[in-house]
Amino acid sequence: MELISVREARTEQAIGKSVELRGWVRTRRDSKAGFSFIEVNDGSCLGNIQVIADGKLENYETDVKGLTVGASLRVEGQVVASGGKGQATEVQATRVIAVGGADAESYPLQKKQHTLEKLREWAHLRPRTNTFGAVARVRNQICRSIHQFYQERGFLYVHTPIITASDCEGAGEMFQVTTLDLATIAKREMANIDYKFDFFDRPSYLTVSGQLEAETYACALGKVYTFGPTFRAENSNTSRHLAEFWMIEPEMAFFELPDNMQLAEDFLKRLFRDVLEHCQEDMAFFNERIDESKTLIERLQKIVNADFVRLSYTEAVDILLACDHKFDYPVKWGMDLQSEHERYLTEKHFDSPVILYNYPRIIKPFYMYCNDDGKTVRGMDVLVPGVGEIIGGSQREHRLDVLLERMAEMQLSADDYWWYVDLRRYGTVPHAGFGLGLERVIQFVTSMGNIRDVIPFPRTPGSCDF
Ligand code: 4AD
Ligand code: MG
């Protein structure tokens, strides 16, 4: 007898095998002829396997007929060809072992469809549904492809710190980490906190990006990438923001902006191609059941076979000013583009992923390379239909004098960033990189509308359940 997964048992190669399966009951139906059909799922794929439990099994009355939705079980039996619709195989059980029951009265995931909002309240049970099982498998495939893509190209995987004292993006949206007793501080009504008594001797935070540390490794090892959790205390209650999300940040020495754009495009296309190839059943589900226009697969196929649009910020502003669309925020050169502007460009105007580059320097962080025009920096964002910004990156300022000038302009202390500045003192080199938001890319390939439904346990303002 061979222990196999439901995914394996559903293939024709399994026919004739004597197997053991382990999983959970999705449905049970009793036939008048004295046997039962049990649909079993074990998470290995979207589809269930149908198990036929004969009334002659010794525990048929005592155990099999008590198997309710959500109960766990082990089944031993023979895989046979199935005459049923939509399934190549089924299992003729020789033994059914009930493992853990699920009270039919109180189990929340009964047959009735629940909304995604309702399922968020049951984040511990939602992976048992078709939608969340499919999201988990696609998320896993994307993570595997991310490592494969960079490993095949000779990038080193580096681990940047999760606790840090520097605000890479300069947006001040950081979660503070402290061992100071807040209750004591409140009681003493202390106006000034003495960080000498804090764990790290100074204010420290959860990282908003591993970029600055990744640059140090790129400037020694050439090509590196990070892949880790990222934290932002921005009070954004949108369908595209999380307080805790995962980011992939490649960083390359001897790399300039056009190289960076090409890498971002190749990287995204690889991820899209891999889910289309390796997650066919789940992608068909998203196409039919989640995507409103049922064109998800077609759209992704079109994207992997065409070039992304590349457009400077200035050209984008010209397009937005010339179009007759009414925006909530009027467009003006120098402004940070709002999501309505980004979506107009990528969804309406081009209907394609768009790489925007050369942004106004006043709206971008201190580390971006300053162009000779004195007005723009070599930043880039990749925008995709339906989601908007999916990647943010730039060529880095590698010239010592320009970097120091820019830090002064932004009132950053060169002493605080002494190690970052040192990279420009010793063997400086043009370099570039970007950050891809993992949950945004999962949203894009699944067409799930809310980012809270593509991460197992979402963290958002006012919500830290589970
Ligand atoms: O554009 P961002 O802020 O870029 C950086 O952090 C750079 N230091 C990256 C680099 O150059 N190494 O963030 C990168 C990406 C965004 O494009 C978006 O996909 C995602 O991270 N992201 C978020 N995802 C979910 N929730 C949030 N609150 C996010 N903020 C950014
Ligand atoms: Mg950004």
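Just the heavy atoms: all of them, side chains too, but no hydrogens, waters or symmetry mates, feed the values below. Counting convention: from 1, in listed order, for ligands and their atoms alike.
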Peer 1: T295 and side chain to side chain donor-acceptor pair (under 3.5 Å): which single residue from E298, E292, R299 fits?
Peer 2: R299
Peer 1: If I take atom CH2 from residue W122 and atom CZ from residue F466, how far apart are they, to the nearest 0.5 angstrom?
Peer 2: 10.5 Å
Peer 1: Near the Mg ion (ligand 2), is there an N/O/S atom from E169 that is less than 2.8 Å away?
Peer 2: no
Peer 1: Look only at interatomic distance and state if L242 has a nitrogen or oxygen under 3.5 Å from any nitrogen or oxygen of ligand 1.
Peer 2: yes
Peer 1: Test of understanding: given a 4.0 Å heavy-atom threshold, classify the contact between E439 and ligand 1 as side chain, backbone, both, or neither.
Peer 2: neither
Peer 1: Any salt bridge linking D201 with K196? Criterion: basic side-chain nitrogen under 4.0 Å from a carboxylate oxygen.
Peer 2: no
Peer 1: For R396 and ligand 1, answer yes if some heavy atom of the residue is under 4.0 Å from a ligand atom, otherwise no.
Peer 2: yes
Peer 1: Under 4.0 Å from ligand 1, counting heavy atoms only, is it the side chain of D381, its backbone, both or neither?
Peer 2: neither
Peer 1: In Å and rounded to the nearest 0.5 Å, what is the OG1 to OH distance from T178 to Y205?
Peer 2: 10.0 Å
Peer 1: Pairs of nitrogen or oxygen atoms closer than 3.5 Å, one from G437 and one from ligand 1: do any exist?
Peer 2: yes
Peer 1: So for E389, does at least one of its heavy atoms come nearer than 4.0 angstrom to any atom of ligand 1?
Peer 2: yes
Peer 1: I want to check a possible cation-pi pair here: R424 against Y420, using under 6.0 Å from ring centre and within 45° of the ring axis as the test.
Peer 2: yes
Peer 1: Taking C-beta and beyond as the side chain, do R128 and F132 meet within less than 4.5 Å on heavy atoms?
Peer 2: no
Peer 1: Can a non-hydrogen atom of E251 be found less than 4.0 Å from any atom of ligand 1?
Peer 2: no
Peer 1: Using a 3.5 Å cut-off on N or O atoms only, is Q211 in polar contact with ligand 1?
Peer 2: yes
Peer 1: Between F245 and ligand 1, which part of the residue brings a heavy atom under 4.0 Å of the ligand: side chain, backbone, both or neither?
Peer 2: side chain
Peer 1: Measuring from atom OG1 of T226 to atom CZ of F155, what distance do you get when rounded to the nearest 0.5 angstrom?
Peer 2: 12.0 Å
Peer 1: For ligand 1, find out whether one of its N or O atoms is nearer than 3.5 Å to an N or O atom of G393.
Peer 2: no
Peer 1: Below 4.5 Å, heavy atoms only, C-beta onward: do S394 and V377 meet side chain to side chain?
Peer 2: no
Peer 1: Could you see which bit of I390 sits under 4.0 Å from ligand 1, with heavy atoms only: side chain, backbone, both or neither?
Peer 2: backbone
Peer 1: Return a yes/no value for H241: is any of its N or O atoms, backbone included, closer than 3.5 angstrom to an N or O of ligand 1?
Peer 2: no
